[in-house]
Amino acid sequence: MPLTHTRDLFAKALKGKYAIGAFNVNDMELLQGIVEACEEEKSPLILQISKGARQYANPVYLKKLIEAAISVTTIPIAVHLDHGDSFELCKQCIDEGFTSVMIDGSHLPLDKNIEVCKKVVEYAHKHNTVVEGELGQLVGAQHDDGEEGGGFSKGGLYTHPDEAVEFVKQTGVDSLAVAIGNSHGAYKFKGTQHLNLDRLKAIKQALMNAGLGDYPLVLHGASSVPKDMVMEINKYGGKLGEDAAGVPEADIEIARRTGCTKVNIDTDLRLAMTAGIRKVFAETPKEFDPRKYLGPARARVKDLVRHKVKNVLCCAGHAFD
Ligand code: G3H
Ligand code: 13P
Ligand code: ZN
């Protein structure tokens, strides 16, 4: 099957109240683990590639690996640029055949973010490619009442509902990544902090009220950083901090039901691979055949992705909706 468009995947996911997992790919083992789990679970899939992944693996290798994955599977697969940081990089990926790109202008002032996003949208739509924009900053949970001392001050770092409407209307972007206390990596929250799901609901409602319909939102930083995996890594010689913490799966469920149609997961894949490799190294220190440690690491990735698509994102069984 050829590459699929996230536009089609999102429309079906919004209707079915499930989310599509966007899993980061850097190498063959990650790709195989992700794709095999989704194929077996009949799950639609977004493979996402960051600028760093392109630098690590070489874009040509990644493209060919994904072509191989597509040729041995039946499920719909979209390929997405994760955190594109310039028009030029987005254009390059569009020209290479990505079906979706993210332009991340979230560090820019609103007008500049709108400007670059609009430019990417114009080029992408001419080339039948879908665009994700981002508004607000992925700084993690914090007090975000802003200068007005309550409500949704535009001075805050979280996505502001009114600005979300303005951003989507002015840019014509196809989906919006929101900042609601989410962040990347393995150290997301301190103590009992978590996502601001009320803010998420307010953003969704504002877009609906503005006539933008059931608009697709994107949740970055959606890894759960499972405690047992962190403990296993440390048992086998790792030194992850006790404050490692991710997004509770219950929060992801609410986010999914609120219209976070694309849910980004990278850190949990990294943890799964690391746990697999460390276990082999610790238990069989004489081993030096990479297949003997990369194989188990790939199997851990597959187990993790199976769990996500079945129990967290609920997109298993929806490949052919
Ligand atoms: O957004 C962060 C993703 O986890 C990609 O990370 O830039 O290290 O490839 P990376
Ligand atoms: P995590 O670090 O939580 O896996 O988030 C990944 C991500 O948002 C990629 O864009
Ligand atoms: Zn991200």
Side-chain angles (χ1 to χ4, degrees), residues 6 19-27 29-31 33-34 45-59 61-62 78-86 89-90 93 98 100-107 113 131-141 157-159 175-189 193-195 200 216-227 229-230 233 240-241 243-249 251-252 255-256 260-275 300-301 304-305 307-309 312-313:
T6 50
I20 320 274
F23 297 101
N24 285 71
V25 176
N26 292 277
D27 58 46
E29 281 74 15
L30 275 167
L31 177 65
I34 296 164
L45 169 64
I46 301 172
L47 293 170
Q48 56 183 12
I49 294 171
S50 68
K51 184 175 176 178
R54 286 166 67 80
Q55 281 161 352
Y56 172 76
N58 180 327
Y61 276 80
L62 288 174
V79 176
H80 171 80
L81 169 67
D82 190 27
H83 293 282
D85 60 358
S86 65
L89 177 58
C90 291
C93 291
F98 282 49
S100 173
V101 293
M102 174 186 192
I103 174 69
D104 181 355
S106 59
H107 53 289
N113 191 356
V131 182
E132 173 184 323
E134 178 171 321
L135 194 60
Q137 294 188 28
L138 302 182
V139 289
L157 293 167
Y158 289 7
T159 310
S175 64
L176 181 69
V178 292
I180 53 165
N182 42 333
S183 62
H184 294 126
Y187 301 91
K188 298 188 191 297
F189 302 115
Q193 290 174 327
H194 58 92
L195 298 181
L200 178 65
L217 299 176
V218 179
L219 186 66
H220 282 247
S223 281
S224 295
V225 189
K227 280 270 175 260
M229 215 182 270
V230 170
I233 289 171
L240 293 171
D243 50 345
V247 181
E249 289 182 352
D251 278 16
I252 303 281
R256 165 172 68 76
C260 278
T261 307
K262 172 172 176 277
V263 170
N264 286 11
I265 296 171
D266 188 1
T267 296
D268 284 352
L269 300 170
R270 296 178 182 195
L271 293 172
M273 272 203 105
T274 303
R300 295 294 292 261
V301 167
L304 178 101
V305 172
H307 167 66
K308 298 282 183 191
V309 300
V312 184
L313 308 173

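Whatever order the structure lists ligands and atoms in, that order sets their numbers, starting from 1.
- For the ring pair (Phe, Tyr, Trp, His ring centres under 6.0 Å) test, no residue two or more places apart in sequence or in another chain qualifies with His307.
- Here the closest heavy-atom approach between residue Val263 and residue Ala222 is recorded as CG1-CB, 3.3 Å.
- Side-chain atoms of Asn264 and His220 include a donor-acceptor pair closer than 3.5 Å.
- Every protein residue with a heavy atom nearer than 4.0 Å to ligand 1 is included here: Asn24, Ser50, Asp82, His83, His184, Asp266, Arg270.
- Minimum interatomic distance between Ala245 and Phe189 (heavy atoms only, all atoms of both residues): CB-O, 3.8 Å.
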Ligand-protein N/O pairs under 3.5 Å (ligand 2):
| unit_1 | atom_1 | unit_2 | atom_2 | d |
| --- | --- | --- | --- | --- |
| ligand 2 | 2 (O) | Gly185 | N | 2.9 |
| ligand 2 | 2 (O) | Thr267 | OG1 | 2.6 |
| ligand 2 | 3 (O) | Lys188 | NZ | 2.6 |
| ligand 2 | 3 (O) | Ala222 | N | 3.3 |
| ligand 2 | 3 (O) | Ser223 | N | 3.0 |
| ligand 2 | 3 (O) | Ser223 | OG | 3.4 |
| ligand 2 | 4 (O) | Ser223 | OG | 2.6 |
| ligand 2 | 4 (O) | Asp266 | N | 2.7 |
| ligand 2 | 4 (O) | Thr267 | N | 2.7 |
| ligand 2 | 4 (O) | Thr267 | OG1 | 3.4 |
| ligand 2 | 5 (O) | Gly221 | N | 3.2 |
| ligand 2 | 8 (O) | His184 | NE2 | 3.1 |
| ligand 2 | 8 (O) | His220 | ND1 | 3.4 |
| ligand 2 | 8 (O) | Gly221 | N | 2.8 |
| ligand 2 | 10 (O) | Asp82 | OD1 | 2.9 |
| ligand 2 | 10 (O) | Asp82 | OD2 | 2.8 |
| ligand 2 | 10 (O) | His83 | NE2 | 3.2 |
| ligand 2 | 10 (O) | His220 | ND1 | 3.1 |
| ligand 2 | 10 (O) | Asn264 | ND2 | 3.1 |

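- Residues Ala53 and Leu62 come closest through the heavy atom pair O-CD1, 3.6 Å.
- Shown here for Ser224 and Val247, the closest heavy-atom pair between the two residues is OG-O, 3.0 Å.
- Contact between Phe23 and Leu313 at its shortest, heavy atoms only, is CZ-CD1, 4.3 Å.
- Panel detail: the Zn ion (ligand 3) has protein N, O or S atoms under 2.8 Å away, 3 in number.
- Here Thr159 contributes atom OG1 and Leu135 contributes atom CG; the two are 5.0 Å apart, rounded to the nearest 0.5 Å.
- Contact check for Lys262 versus Ile46: side-chain heavy atoms found under the 4.5 Å cut-off.
- Across all their heavy atoms, Glu132 and Ala177 have their closest contact at OE2-CB, 3.7 Å.
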Next item on the list: Starting from the C-alpha separation in whole Å, work towards a yes-or-no answer on side-chain contact (heavy atoms from CB on, under 4.5 Å) for Met273 and Leu30.
Entry: CA-CA 8 Å; Met273 272 203 105; Leu30 275 167; 3.7 Å; yes

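- Between the Ser223 side chain and the Asp268 main chain, a donor and an acceptor come within less than 3.5 Å of each other.
- In this structure, the side chain of Asn26 does not engage the main chain of Ala57 through any donor-acceptor pair within 3.5 Å.
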